[in-house]
*Asks:* 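I have a structure here, written as structure tokens, and I will follow up with some questions on it.
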Amino acid sequence: MDELLLAAAGLIVLAVAVGLARILRGSDAERLMAVQLLGTGGIAALLLIAYATDVPGVEDVALGLALLAAFAATAFVNLLDADQGDAEA
Amino acid sequence: MTPSVLAGLTGAALVGLGLYGLILHPHPLRKLLAFNLIGSGVFLVFGIVARRGAAAGFRFDPVPQAMVITGIVVAFAASAIAVALILRLSVESSHVTLDPEVWTKPNGGDTK
Amino acid sequence: MSIRPFLDLVLASLVLGVAIFTITARDLFAAVVGYVAYGLLLAFVWIRLYAPDVALTEAAVGGGVTGVLLITAGKRLGAPNVSQEAQPGPGLKILTGVLAALVATALGAVILMLPDPPPSLAPEAAAAIDGAGAGLGNPITAVLMSYRSLDTMLEKVVLILAVMGVWSVGTDKAWGDAPAPLRQQKAYAPMVFLAQMLAPVGAIIAIHIFWTGANAPGGAFQGGALLAAMWMVTMMARLVEPPRVDAQWLRLALVAGPAVFLISGLAGAITAGSFFAYPSGLAKPIILFIEAFMVLSIAAALPMLVAGPPSEGQDQ
Amino acid sequence: MITLLDLFSIAAISAGTFFFFAGTVGLLRFPDSLTRLHALTKADNLGLGMVALGLIPRADSALSALKLIVIWALVLVSGASTSQLIGRALRRGRK
């Protein structure tokens, strides 16, 4: 069962890695999307690995990462459209 | 190859990469970014020392790990000061460069 | 046949790939986005090295907050006065590449030739933890707060010095005013909603991570950094503005951590016989007490470092 | 020995993995930014959600299970809001 969890983690990491190609050749908005995918996929892989290898306390780390991914995304989006001028019309 | 050795080699490569960017990028913020890359590479190299030093019933040596945590925060504090200096430099001089030629040219301030 | 070596290899090549992208990206925004992704990936490497505490700190401070610092700075710097820089010539590029490769190779060689058995401070740390830091299940927290407590205290002082350094770079006329806001215009609905949802939940999670730090991964640094991130989220949505730098409460919050730490250390010198010694039996509550104030200081210092020096006309 | 709960875990985690793949394929293959955004949100919400759901029976305590749900909820809220913000930035011409 543990090997199955690890295999799923490996597949998700692989999927996310391919998605990261968007970082290399995309617009700023698409780069953000790729990072968001990396954050979510990373959290999923982290949880799977943690459950498979019994690293203690990783749920808290995942919780922190989820919070940080949200924080970083907010910051980037904030700057992505800050130069667009006015508030919502 | 154990995970620690792999991570250590990754750290070494990161130091090299960061050094390259630090020297070559003309933009000071990019230099700062590269410098942070070097820093994280050094932390990684230091971190595998922690992983190797597992003893006394731990899975790792907690002393280097604790020092890496302290180091990350200090590195951030240093970056923040550097950013403040860069921003003030650009306000004062309208230049965003560390290129000595711009600063020593007689008419340096008005090249724009 | 285990899948782990494969996972590690994918992870390492991902870290290197994103690092290369960060160095070679054309514009600053792309480079910083890459850097945040890099910080996240590095956190996974730290997890694989059984260092969840470092992973959380790296993701929070190394990736997230540093990324926000750089991107905010890039925005304030503006694009126009950057483009005139001359690119280095090919000769210099090759020379630098060779130098960088040499340094990396030398470091790599050192890693492959590390002494066996590895030197370790773990036994000393374990002894110190059993003594002064008794009652803490997380060895990292015990090392930070007991075995190397002076380092940790001074590191808080470094944070305060950095805040002072950043503030003193501002213009004379602006002194006492608030730093510029993290966003020019009024935020619009989805952003405000996100901040309103995220900040309270995030604050609870941050306090939880600080609290479990005594026995499990987490601690004052991680909790403080997450709390700082939540404060910045509310600033980005313009729910709150950066405070004036001469505000009394802000300065008290900044100084609280090191001050309480230092006072406890001095008290230890009187009651327990040596500087930064904790009286036996009371170590855990005292350490948690000190850490609570450290969380406060870190949560106040990091956003002030990102917000930058006081800026004229930001008086509310 | 595979129990019914294990089967549930395997099914949910496989579904989660599938959604991550779907999200990646969409991010790479869809024609424009808005459709890519659409693909991304599926990976975000369902991929992680299914994985978390599959891990809940394997959690040691109620608190661990609760944390899994909170992680999912956090990603849902932030993913939905930032997608909205990215979409808005795209509409307003930032490519």
Side-chain angles (χ1 to χ4, degrees), chain A residues 2-11 13-14 16-17 20-21 23-24 26-28 31-32 34-35 38-39 42-43 45-46 49-50 52-53 55-89, chain C residues 2-4 6-7 10-11 13-14 17-18 21 29-30 32-34 36-37 40-41 43-44 47-48 50 52 55-56 59-60 63-65 67-68 71-72 74-75 182-189 191 194-195 198 201-202 205-206 208-209 212 216-218 222 226 229-230 232-233 236-237:
Chain A
D2 285 350
E3 287 296 308
L4 262 173
L5 293 187
L6 280 177
L11 282 174
V13 168
L14 207 63
V16 168
L20 269 183
I23 284 202
L24 298 176
S27 65
D28 283 347
R31 290 187 174 124
L32 271 188
V35 172
L38 171 72
I43 292 164
L46 183 66
I49 294 173
T53 56
V55 184
V58 174
E59 281 132 355
D60 287 334
V61 178
L63 212 49
L65 283 184
L67 207 54
L68 281 163
F71 164 65
T74 316
F76 283 133
V77 169
N78 181 27
L79 288 146
L80 190 65
D81 76 353
D83 56 352
Q84 295 293 317
D86 55 326
E88 184 66 69
Chain C
S2 172
I3 194 165
R4 276 167 229 203
F6 166 74
L7 255 179
V10 171
L11 206 53
S13 39
L14 264 179
V18 175
F21 169 76
F29 186 86
V32 176
V33 170
V36 171
L40 210 59
L41 286 167
F44 299 134
I47 292 277
R48 287 292 297 140
Y50 290 97
L56 204 47
V65 186
V68 173
I71 198 77
T72 310
K75 201 81 199 174
L182 295 180
R183 180 189 174 83
Q184 302 301 242
Q185 294 84 26
K186 207 168 126 270
Y188 45 93
M191 181 79 111
L194 181 59
L198 212 55
V201 177
I205 293 173
H208 166 76
I209 282 177
T212 56
Q222 294 86 347
L226 288 177
M230 289 309 108
M232 281 188 265
V233 165
M236 285 169 199

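The sequence lines fix the lettering, A, B, ..., with proteins before strands; numbering per chain opens at 1.
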*Asks:* Given heavy-atom pairs under 4.5 angstrom as the criterion, report whether the side chain, backbone, both or neither of Leu4(A) touches chain C.
*Replies:*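 For Leu4(A), neither part sits under 4.5 Å from chain C.
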*Asks:* Less than 4.5 Å apart, side chain to side chain, heavy atoms only: is that true for Val68(C) and Met236(C)?
*Replies:*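 A side-chain contact exists here, since the closest heavy-atom pair is under 4.5 Å.
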*Asks:* May I ask you to name which of Ile205(C), Thr72(C), Val233(C) has the most heavy-atom pairs under 4.5 Å with chain A?
*Replies:*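 Among Ile205(C), Thr72(C), Val233(C), the one with the most close pairs to chain A is Ile205(C).
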*Asks:* Given a strict heavy-atom distance threshold of 4.5 Å, which part of Val32(C) is in contact with chain A: side chain, backbone, both, or neither?
*Replies:*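 Both parts, heavy atoms under 4.5 Å.
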*Asks:* Taking the side chain as every heavy atom from C-beta outward, state whether Leu226(C) and Phe71(A) have any atom pair closer than 4.5 Å.
*Replies:*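 A side-chain contact is absent here, since even the closest heavy-atom pair is not under 4.5 Å.
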*Asks:* Tell me, do Gln222(C) and Asp60(A) make a side-chain contact under 4.5 Å, heavy atoms counted?
*Replies:*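 The answer is no; the side chains never approach within 4.5 Å.
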*Asks:* Ignoring hydrogens, what is the shortest heavy-atom contact between Leu56(C) and Gly64(A)? Give both atom names and the distance.
*Replies:*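 Result for this residue pair: CD1-CA, 4.0 Å.
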*Asks:* In terms of heavy-atom pairs under 4.5 Å, which option from Leu68(A), Val13(A), Ile49(A) contacts chain C the most?
*Replies:*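 Result: the option with the highest number of such pairs is Leu68(A).
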*Asks:* With a 4.5 Å limit on heavy-atom distance, are the side chains of Phe21(C) and Leu20(A) in contact?
*Replies:*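 Not in contact.
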*Asks:* For chain A, which candidate among Val201(C), Val65(C), Leu11(C), Leu198(C) shows the most heavy-atom pairs at distances under 4.5 Å?
*Replies:*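 Most heavy-atom pairs under 4.5 Å with chain A: Leu198(C).
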*Asks:* Relative to chain A, which segment of Leu14(C) carries a heavy atom at a distance below 4.5 Å: side chain, backbone, both, or neither?
*Replies:*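 Leu14(C) touches chain A through side-chain heavy atoms alone.
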